[in-house]
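First up is the structure itself, then whatever we jot down about it.
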Amino acid sequence: MTISVEAIFALVFLFVILLIFLEVVHRTLAALIGAFLAAYFGIVYRVFGYEEMLTFIDFRLLIFVVGIYIIVEVMDRAGVFHFLALSILNMVGANPKRLMIIFPLITILISALLSNIAVMMIVGALTMAVAKRIKLDPLPYLISESIAANVGGLMLIISSIPTMLVGMEAGFTFLGFLLISVPTTLFLSLVTVLICLSIFRVESGEFKELHFNPWSAVKDRGVFMRSIAIFVLTLILFMFCDRLGLGMEAVAIGSAVILLVLTNVDIEDILGHLDWPTVFFFSGFFILVGGLEESGLLRLISMHILQFTGGNPALLTLTILWVGAILSGAVDNIPITLTLIPIIKGLIPQVSVNPMVIWWSLLIGVTVGGNFTPISSPPGLVTMSILDREGVSGYFYKFLKMNFIITIAQLLAATIYTYALLIVIG
Amino acid sequence: MTLKDIIERLRRRSMSESMSKYEEERKRMDDILSKPHITLHIEIPEGFEDMRGEFMELEDDKEFLSAVENLVKKTLLARRRKATD
């Protein structure tokens, strides 16, 4: 019996996905095992050569990610995100219903810049402290925040790993991305807040002034001001980098270096806290996906998708939205995004749809899909840990039920939104 | 491996990775949101060593704590007056 190259690569891919899904090994190790097997079979079966294999790794994306990680880490230490969250809370005061709007919005705003795990640490701790002070049940707030943390990841091209991946691979400019991301995030944020308000039925309750000083979250005002100034400069440079003949990765890493110099932070400490496992995960998965592409397997999948949808633009974009969401609900959304990108690249020349609509249906799908269950994405897992730590018990099935209902509602809203996008710009 | 095992494994991993950072954040937020407070360290005065038990009970003595609170108010009022003069 002979086995085709496509079948070998499909087996390797399924093996890696299974390792990630079952958490048999860390996802980074799973990706590196996948890279090793793809390299071995690719070179032995002459699917690609060694030099060609090295081109599978997108070094521009890796530099971009590391640059953004450094900028955000320095800003986090300067207290920028704590200050932002506390200032908003200070301005609006607190009553239970108002907090049901404010906490998710603070989460969305901060997760536009910070990783969604770090966001849950800050907002989760803030929620517990406020809940203790004004005697609230923290569960509805924490559930809505864990869902909002994923939504905020759509705001900017630098907001999350899927937006960075799609943004770079699809060749979005910073402003081009912003033109669609802002209405999309606003729409999904509105939907999320309205669903949470109607599901959790929080009473208005008594209004309480909290009276605290947001500046107490800032240790060094000089570092704080400098990190904000450099961040604003970075955003401006992102907007004009194509006119300057620079890639976004150059702006990101350049700004990171300037920020490190101007804030005089401990560089070893900063670098030691970056998310290196994700960077290595990328490197491994790039080789695996490159192997899948060269073996012809992804082209085959593209053809089947085209056959299934008959090239119908609406059916195609909605298939990508829902398939991306369901797969991201089952497995981490980073490997799903990495795998779907080359498939979509193969589809785009064969359908008469504005590629932006297809890319956005993928982004919305993989982002919202992470909310399907509390264990589908990091914010849900962190929220469960916070609840355990705070002694809240018997929440899992409520959490699961709420996540499922809210995600289905978000996906239905996203279906209408994507369809509208297709009509307007498709 | 059952689904329950997978959930447990995921939870344990996320807890070990994130809880120490959460503890830091929680303390930081509690410090910012709670009323400002001070912790005093007072040693038993010389010559009262035989009253160790009574001294230790002062920590929870409402009458004593109220007297300390009044002393704080008097001191702050005096400082405020001095600052405005």
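Basis for what follows: all heavy atoms, side chains included, without hydrogens, waters or symmetry-related copies. Lettering follows sequence order; numbering is per chain, from 1. The structure displayed is predicted, hence computed values, not measured ones.
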**Q.** Flag side-chain contact, heavy atom, 4.5 Å: Lys132(A) against Arg26(B)
**A.** yes

Q: Quick one: closest heavy-atom pair of Glu25(B) and Met121(A), and the distance?
A: CB-O, 3.7 Å

Q: Enter the distance from Tyr22(B):OH to Glu390(A):CD here, rounded to the nearest 0.5 Å.
A: 3.5 Å

(Q) Quick check on the structure: residues of residues 73-85 of chain A within a heavy-atom distance below 4.5 Å of chain B, by number. (A) Asp76(A), Gly79(A), His82(A)

Q.
With a 4.5 Å cut-off on side-chain heavy atoms, are Asn213(A) and Ile32(B) touching?
A. no

Q.
Can you list everything that forms a side-chain hydrogen bond (donor to acceptor under 3.5 Å, both in side chains) with Ser160(A)? Sequence neighbours excluded, please.
A. Thr163(A)

Q: Carefully, step by step, assess Met29(B) and Met128(A) under the rule side chain to side chain contact (heavy atoms under 4.5 Å, CB included).
A: CA-CA 9 Å; Met29(B) 291 299 180; Met128(A) 290 309 305; over 6 Å; no

Q: Tell me, for Arg28(B) versus chain A, whether the close heavy atoms (under 4.5 Å) come from the side chain, the backbone, both or neither.
A: side chain

**Q.** Over 12 non-hydrogen atoms of neighbours within 6.0 angstrom of CZ in Phe280(A)
**A.** no

**Q.** Residue among Gly380(A), Ala125(A), Ala118(A) with most heavy-atom pairs under 4.5 Å to chain B
**A.** Ala125(A)

Q: Scan residues 114-131 of chain A for pairs that pass side-chain hydrogen bond (donor to acceptor under 3.5 Å, both in side chains), counting only residues two or more places apart or in two chains.
A: Asn116(A)-Asn150(A), Thr127(A)-Glu145(A)

Q: Rounded to the nearest 0.5 Å, what's the gap from CG on Asp30(B) to CZ on Arg133(A)? Could you check?
A: 10.5 Å

Q: Spell out the residues in residues 45-52 of chain B that have some non-hydrogen atom less than 4.5 Å away from a non-hydrogen atom of chain A, in order of number; otherwise answer 'none'.
A: none

